[in-house]
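First the structure, in the form of structure tokens, and then the observations on it.
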Amino acid sequence: MENYVSKPALDPNFVPAPERLFNSYPVNKVELAQITTWLSKGWQDLKSAPLLSLTYGLIFAVVGIVMSVVSSANSAFIVAASTGFLIVGPFLALGLYDLSRQLEQGQKPNLVQSFLSIRYNALGLGLYAIALGMLMIFWVRMSALVVGVSFNETITINEYGYAGLLQGLFSADPLFGLGFLAVGFLFAFLAFITGVVTTPLLLDRKVDIVTAASTSIKAFQKNPVTLLVWGFVVALLIQIGILTFDIGLIVLMPLVAHASWHAYRDIVK
């Protein structure tokens with residue numbers, strides 16, 4: 001695959017030969033200690049382009065606040081949507097990945113260029129966005145339906161948020177509560193193992209979505225412990241951002257996105 005990899009990463013005229021499609025890239029073994037390195041490098045990227053990075057963070061925060069206001073009458077939807085955010089987050093961070101790529105190449109970070117970064121691989125990134133969007137919509141609708149049927153207005157989820165949701169699920173039927181959480185975990189796990197390096201790879205190299213997803217799966221197979229801990233760290237930071245009335249996302253979302261770019265660089269050869 002060396003000839004394919006050596007092509008210019010952002011050459012729009014480069015299209016891989018048919019025999020290069022539906023393959024996967026070799027991946028490296030990464031250690032737990034590298035997680036702190038990724039976060040440190042992500043913080044350096046944020047400090048190198050603070051205005052642009054925080055602009056993205058502000059967009060995430062505003063969207064989160066608007067969702068909270070619009071859904072104030074149904075906090076179960078907010079809980080489901082915030083969980084679903086973890087599913088589509090890797091794609092939503094595309095512009096931040098591009099800022100890290102620009103810094104890596106010694107370029108002056110350009111906000112407009114990062115906004116338009118999907119053009120580098122419009123087909124692959126577009127298909128991936130559709131797949132993640134469908135997965136999130138299915139999860140949000142299913143979880144809202146389950147909560148609605150289970151609670152039947154016997155608990156005011158508005159008042160208790162996450163704690164009320166979990167308390168209601170487990171007090172009504174502990175087995176059902178465990179099942180609900182297991183399904184949610186399955187959705188997040190599926191999105192994570194197929195997407196841990198998918199978006200950065202689709203951005204960085206003109207590959208198809210199957211190649212990117214299979215490379216992510218291979219990366220997880222080679223580094224299950226490290227990537228599970230990394231996924232937990234990412235989920236924890238994003239949830240902290242959400243639980244601070246979305247204000248924390250202004251800083252935490254750019255930090256996680258920039259760090260994820262450096263994770264991709266260390267994982268994929």
- For Leu39 and Leu237, what are the C-alpha separation, side-chain angles and deciding distance, and is it a side chain to side chain contact (heavy atoms under 4.5 Å, CB included)? CA-CA 11 Å; Leu39 290 171; Leu237 291 175; 4.2 Å; yes
Is there a donor-acceptor contact under 3.5 Å linking the side chains of [X] and [Y]?
{"X": "Gln34", "Y": "Trp230", "answer": "no"}
{"X": "Thr211", "Y": "Asp208", "answer": "yes"}
{"X": "Asp204", "Y": "Tyr97", "answer": "no"}
{"X": "Thr198", "Y": "Ser216", "answer": "yes"}

- Message: Check for me whether Arg205 meets the cation-pi criterion with Tyr25, that is, NZ or CZ under 6.0 Å from the six-membered ring centre and within 45 degrees of the ring axis.
- Response: yes
State, yes or no, whether a side-chain contact exists between [X] and [Y] at a heavy-atom distance under 4.5 Å.
{"X": "Leu52", "Y": "Ser114", "value": "no"}
{"X": "Gln107", "Y": "Arg101", "value": "yes"}
{"X": "Leu46", "Y": "Trp43", "value": "yes"}
{"X": "Phe91", "Y": "Val88", "value": "no"}
{"X": "Arg119", "Y": "Gln113", "value": "yes"}
{"X": "Leu249", "Y": "Asp246", "value": "yes"}
{"X": "Asn121", "Y": "Leu203", "value": "no"}
{"X": "Leu94", "Y": "Asp98", "value": "no"}

- Are any side-chain N or O atoms of Lys218 and backbone N or O atoms of Val27, one a donor and one an acceptor, separated by less than 3.5 Å? no
- Query: Distance-only, no hydrogens or angles: does the Asn223 side chain make a donor-acceptor pair with backbone N or O of Glu31 under 3.5 Å?
  - Reply: no
Out of curiosity, [X] [atom1] to [Y] [atom2], how far, rounded to the nearest 0.5 Å?
{"X": "Ile65", "Y": "Ile247", "atom1": "CD1", "atom2": "CD1", "answer": "4.0 Å"}
{"X": "Leu92", "Y": "Thr199", "atom1": "CG", "atom2": "OG1", "answer": "9.0 Å"}
{"X": "Leu252", "Y": "Thr244", "atom1": "CG", "atom2": "OG1", "answer": "7.0 Å"}

- Query: Step by step, would you call Phe189 with Phe220 a ring pair (Phe, Tyr, Trp, His ring centres under 6.0 Å)?
  - Reply: CA-CA 11 Å; Phe189 183 71; Phe220 182 81; 5.5 Å; yes
- Query: Given the rule in the side chain to side chain contact (heavy atoms under 4.5 Å, CB included) test, do Tyr120 and Leu202 qualify, once you have shown the distances and angles that lead to the verdict?
  - Reply: CA-CA 8 Å; Tyr120 299 134; Leu202 287 168; over 6 Å; no
- Message: Go through it in stages, so that I can follow the logic: the residues are His262 and Asp266, the test is side chain to side chain contact (heavy atoms under 4.5 Å, CB included), and I'd like the CA-CA distance, side-chain angles, deciding distance and then a yes or no.
- Response: CA-CA 6 Å; His262 293 287; Asp266 281 352; 5.7 Å; no
Would you give me the side-chain donor-acceptor pairs under 3.5 Å for residues 122-130, sequence neighbours excluded?
none

- Message: Using side chain to side chain contact (heavy atoms under 4.5 Å, CB included), reason through Phe60 and Leu96 one step at a time and then give a plain yes or no.
- Response: CA-CA 12 Å; Phe60 282 109; Leu96 287 160; 4.2 Å; yes
- Under 6.0 Å between ring centres, would you say that holds for Phe115 and Tyr56? yes
